[in-house]
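Only one structure is covered here, and it is reproduced in the block below.
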Amino acid sequence: MANDVAVPWSVEEFEARLRAKEKCYHIFHPFHIAMNSGQCTKEQVQGWVINRFYYQIMIPIKDAAVMSNMPDKEHRRLWVQRILDHDGLEGDEGGIEAWLALAEAVGLSRDEVISLEKVTPGVKFAVDAYVNFARTAPWQEAVCSSLTELFAPTIHQKRLDSWPEHYPWIDATGYQYFRKRLSEARRDVEHGLRVTLAHFKTRAEQERAINILQFKLNVLWSMLDAMQVTYGIGENNNGAIARMNP
Ligand SMILES: O=C(O)c1cc(C(=O)O)c2c(n1)C(=O)C(=O)c1cc(C(=O)O)[nH]c1-2
């Protein structure tokens, strides 16, 4: 039977199928598994922080693009908070600044991170693909693509639980970013799920939503693939670094 005549999933079934995508989340990527179980070297943790900074600075740009495609103020009012979460306000800094505090806590200098000089091409490519999708897709599809945040609190909590023990050399002041995201991600997801469950109605549309979520999961996964090529995993990193910096 063709997709467009298949019976739509109930809202509950649709939500369950979106949530079932957790199995493809980057928490299961070998680089993340190594990082969260204390197997990464200092250089690898620093490499992750440097590369993820590009994601951090592009998220509010992505969100501004999505907001520009939202025709009504009810959604923009909620969405604008995502930009403020990252950019902050004068006297009340946001996620980008918190990420720079994490960078300093792992022994990097702000300038080194802000320069983006060490961001690996694959990470740039993956993040740019996400921003480009969000900028050009119908806004409800862009909202749907942010739903990897369904799975993010678990990964932030995992870092908060395991990093202090595994990486005692990281200054504890660096963990504020992960702490902040626990509640921010839950709030984002409430809005994101409401939009997605209401917008994707037919079975074909619901399947498209699942594919959009998979695309975003692939973005996150590809970022770590690129980091793994550059930095290796665990102690076995020499060849990889030599390839990047001959
Ligand atoms: O550290 C992570 O694993 C992780 C994952 C994700 C995600 O799942 O997309 C986000 C974040 N962090 C994050 O901090 C964040 O602000 C964020 C925004 C978005 C988005 O798609 O709009 N995802 C994520």
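In listed order, ligands and their atoms are each counted from 1.
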Within 45° of the axis and under 6.0 Å from the centre of the six-membered ring of Trp79, does NZ or CZ of Arg82 qualify? yes
Does Leu160 have any side chain to side chain contact (heavy atoms under 4.5 Å, CB included) partners at least two apart in sequence or in another chain, and if so, which? Gln157, Tyr175, Phe178, Arg179, Leu182
Check step by step if salt bridge (charged side-chain N to carboxylate O under 4.0 Å, His left out) holds for Glu184 and Arg181. CA-CA 5 Å; Glu184 291 172 357; Arg181 287 308 299 173; 2.9 Å; yes
Counting N and O atoms only, with roles assigned by atom type, does the side chain of Glu141 sit under 3.5 Å from a partner on the main chain of Pro138, one being a donor and the other an acceptor? no
Return yes if a side-chain donor-acceptor contact under 3.5 Å exists between Glu207 and Asn211, otherwise no. no
Between the side chains of Arg194 and His191, is a donor N or O closer than 3.5 angstrom to an acceptor N or O? no
Would you please write out the protein residues whose heavy atoms approach any atom of ligand 1 to under 4.0 angstrom, listed by chain and number? Tyr25, His26, Arg52, Tyr55, Ile59, Lys62, His86, Tyr130, Ser146, Thr148, Glu149, Ile155, His156, Arg159, Tyr177, Arg181, Lys216, Leu220
